[in-house]
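Okay, so here's the structure we're looking at.
Ligands are counted one by one from 1 in listed order, and the atoms in each one are counted from 1 as well. Keep in mind it's a predicted model, so treat the numbers as computed, not measured.
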Amino acid sequence: MEIIHLSEINSTNDYAKELAKEGKRNFVVLSDKQNNGKGRWGRVWYSDEGGLYFSMVLDSKIYNPKVINLLVPICIIEVLKNYVDKELGIKFPNDIMVKVNNNYKKLGGILTELIDDYMVIGIGINVNNKIRDEIREIAISLKEITGKEIDKVEILSNFLKIFENYLEKLKNKEIDDYEILKKYKKYSITIGKQVKILLSNNEVVTGKVYDIDFDGVVLGTEEGIEKIPSGICIHVR
Ligand code: BTN
């Protein structure tokens, strides 16, 4: 995939969208910092120098967004495994977490936007950036874990190698969607947990996560088994 490398931008997702509107597909926008990095739920994503911030644009007629959404965090974990000797996992739907001192902290996040016939997949990973005080309790960087500076462009190119290899295999039907789901579930730290899910209508459902599939989570609640589709925004606490 072509990589467009910028020194700064408001948000790589927004910039990628501008190019995608003109018909461009299969490319990456990478920026050394973002002045208005966006997280899920309209939150900010602190994007200070040293972190890895990039967005990919894929044609959603060729790749199924539901499968890609599971595949991206898998590939991030598979790359980061080579840098970190601590347990890594995916918190539903796609937060990249690392276990330090018996506590999971967030190393990275993914913001996927589905527009017309394409998807913009924005990925932020705390590599060498200093974690701001307001999120120190919940977030951590690779540098903090390993004690060394890590080459963020190397992480990106390793990610793309793994990701594009999976895309090729999916396209050639050498691997099917269920194998991706199986891997996702292997890395999930949400299955089996008691969670509180905040729905987009502000309703909160509480229960135990029995399963996760392409469409969302299967939750055991006091009222019985409920399927919570990921189509509506979900925030697991
Ligand atoms: C989240 O966990 O809330 C998702 C964070 C996604 C951040 C990335 S950084 C690159 C891309 N551009 C953005 O503005 N956001 C995503």
Side-chain angles (χ1 to χ4, degrees), residues 1-21 24 27-58 65 68-77 79-80 88-98 104-115 118-132 134-142 150 152-153 155-157 159-160 163 184 187-190 195 197-200 230 232-237:
M1 262 192 256
E2 178 198 352
I3 301 176
I4 301 167
H5 191 163
L6 311 170
S7 55
E8 68 179 283
I9 193 76
N10 277 341
S11 157
T12 55
N13 264 39
D14 290 347
Y15 188 81
K17 245 183 275 173
E18 293 295 313
L19 299 178
K21 267 187 219 150
K24 204 170 164 65
F27 63 97
V28 175
V29 176
L30 164 70
S31 185
D32 293 335
K33 65 176 197 156
Q34 299 184 114
N35 300 320
N36 189 20
K38 301 188 301 180
R40 298 174 66 243
W41 289 80
R43 288 180 303 217
V44 294
W45 183 261
Y46 294 130
S47 306
D48 299 313
E49 200 103 35
L52 175 59
Y53 316 107
F54 68 99
S55 301
M56 306 187 284
V57 173
L58 294 183
I68 299 300
N69 271 336
L70 300 183
L71 178 59
V72 171
I74 294 172
C75 295
I76 297 175
I77 301 257
V79 171
L80 297 186
L88 293 162
I90 307 167
K91 180 175 148 200
F92 186 83
N94 48 21
D95 286 351
I96 307 300
M97 310 296 286
V98 60
Y104 281 106
K105 288 195 168 189
K106 187 158 165 172
L107 251 183
I110 303 165
L111 173 68
T112 306
E113 300 182 74
L114 274 175
I115 303 145
Y118 62 91
M119 58 191 137
V120 180
I121 306 150
I123 299 171
I125 301 175
N126 299 321
V127 182
N128 305 310
N129 52 305
K130 192 170 176 301
I131 302 295
R132 299 213 189 173
E134 46 275 49
I135 53 170
R136 284 203 68 82
E137 290 287 309
I138 52 164
I140 196 163
S141 69
L142 284 177
I150 290 172
K152 62 178 201 249
V153 180
I155 294 185
L156 171 62
S157 73
F159 169 83
L160 289 176
F163 183 64
Y184 177 94
Y187 292 130
S188 172
I189 58 167
T190 304
V195 299
I197 295 183
L198 172 67
L199 306 178
S200 50
S230 34
I232 40 179
C233 319
I234 292 182
H235 185 174
V236 176
R237 282 182 207 271

Is ligand 1 under 4.0 Å from a heavy atom in the side chain of Ile110, in the backbone, in both, or in neither?
-> backbone
Ligand 1 N/O within reach of Tyr53 N/O, cut-off under 3.5 Å | no
Rounded to the nearest 0.5 Å, how far apart are CD1 of Ile125 and CD1 of Ile123?
-> 6.5 Å
For ligand 1, note which part of Trp41 has a heavy atom under 4.0 Å away: side chain, backbone, both or neither.
-> neither
Which of the atoms in ligand 1, numbered in the order shown and given with their element, are less than 4.0 Å from a heavy-atom of Asn13?
-> 11 (C), 12 (N), 16 (C)
Do other residues, nucleotides or ligands put more than 12 heavy atoms under 6.0 Å from the CD atom of Glu134?
-> yes
Got the closest protein heavy atom to atom 2 (O) of ligand 1, with its distance?
-> Lys106 NZ, 2.7 Å
When you measure from atom 12 (N) of ligand 1 to every protein heavy atom, which one gives the shortest distance, and what is it?
-> Gln34 OE1, 2.9 Å
Could you tell me whether Glu113 and Lys38 have a side-chain N and a carboxylate O separated by less than 4.0 Å?
-> yes
Salt-bridge present (Lys130, Glu49; N to O < 4.0 Å) = no
Polar contact flag, side-chain donor to acceptor under 3.5 angstrom, Ser31-Glu8 = no
Indicate yes or no: does an N/O atom of Ser11 lie under 3.5 Å from an N/O atom of ligand 1?
-> yes
Quick one: nearest non-hydrogen protein atom to atom 3 (O) of ligand 1, plus distance?
-> Arg40 N, 2.7 Å
Would you sort out whether Thr112 and Asn69 count as a side chain to side chain donor-acceptor pair (under 3.5 Å), showing the intermediate values?
-> CA-CA 8 Å; Thr112 306; Asn69 271 336; 3.1 Å; yes
For atom 5 (C) of ligand 1, the closest protein heavy atom turns out to be Trp45 CE3, 3.4 Å
Identify, for atom 15 (N) of ligand 1, the protein heavy atom at the shortest distance, and state residue, atom and that distance.
-> Lys38 O, 2.7 Å
By number and element, which atoms of ligand 1 are closer than 4.0 Å to a non-hydrogen atom of Asp95?
-> 2 (O)
Answer yes or no: is there a donor N or O on one side and an acceptor on the other, between the side chain of Ser55 and the main chain of Asn13, under 3.5 Å?
-> yes
